[in-house]
Asker: 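Pasting in a structure now, in C-alpha cells, and then I'll have a few things to ask.
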Amino acid sequence: MSFSEKKHESISRHDFIEVVLNKHTNQKSIHALVSFKKEELICLFAAKETFETPNYLTLQIDLNKHISLYPEFLQYTNHGCSPNVFFDTTNMKLVAIKEIEIGDELLFFYPSTELDMAQSFLCSCENVNCIKNIQGALHLDEEVLKNYRLNDFIQSQITNIKQSGIS
Ligand SMILES: [Zn+2]
C-alpha cells in the first residue's frame, strides 16, 4: 500500500509504525511498517499521565485510573470491531492478535479498555460484526464481549456484574 496518494499523508515514522493523516477526514491512523505474527509483541508502552476520569485519549486500568500513552503516537490507534492489536495494560504490552501485514492499519477494540466511554460514537468500520454504537464494555452483551480480548480490569468488572446478576 502506498501513502503517496493525495488522500493520505505520512506524518511520522517510528521504527515499526507510520502515522498517517487522511486529508479528507483529517483523522490520523497508525500503520505497520513491518509484519507481525499473531501474539507477537509490537511494543511496550507506558503511562504518560494518569487521570481520574476518562478522556478520548485514555485507556482505563482501574476504577478511577485512566492512562494516556507513551510512546505518544499510540494515541492514533483507532477503533475497529475486528481488531488486530490488543493493549495489555497489565503487562504494558501492545500485542498483535492477528497476522499484520506491512501497511495494515493497527486497530484495537475500544471497549477492551473502556467500561463507559467519555465520548461514544457510531462505528462505520464496515465489518460484518460491526457493533455500531461504541460506548464501552458496560453497554455490550456478554455474547458480544466474549468474542473479544478484554484488559484485566474490564474483564474483572464484567465478571463482577455477571456474578451479581445485575446485567
Ligand atoms: Zn465497527
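Order of appearance sets the numbers: ligands from 1, and atoms from 1 within every ligand.
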Asker: Atom NZ of Lys28 and atom CG of Asn22: how far apart are they, to the nearest 0.5 Å?
Answerer: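 That separation rounds to 12.0 Å.
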
Asker: Check whether the side chains of Glu18 and Ser10 place a donor and an acceptor atom closer than 3.5 Å, and report yes or no.
Answerer: yes

Asker: Heavy-atom count check: over 12 atoms from other residues, nucleotides or ligands less than 6.0 Å from Lys98 NZ?
Answerer: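 Result for NZ/Lys98: enclosed.
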
Asker: For the residue pair Leu94 and Asp88, establish whether any side-chain heavy-atom pair is separated by less than 4.5 Å.
Answerer: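 Not in contact.
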
Asker: Could you tell me whether Glu126 and Lys132 have a side-chain N and a carboxylate O separated by less than 4.0 Å?
Answerer: no

Asker: Under 2.8 Å from the Zn ion (ligand 1), which protein N, O or S atoms do you find? Ignore water molecules.
Answerer: Cys81 SG, Cys123 SG, Cys125 SG, Cys130 SG

Asker: Examine Phe121 together with Tyr110 and report whether their ring centres are nearer than 6.0 Å.
Answerer: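 Between Tyr110 and Phe121, which both carry aromatic rings, the centre distance is below 6.0 Å.
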
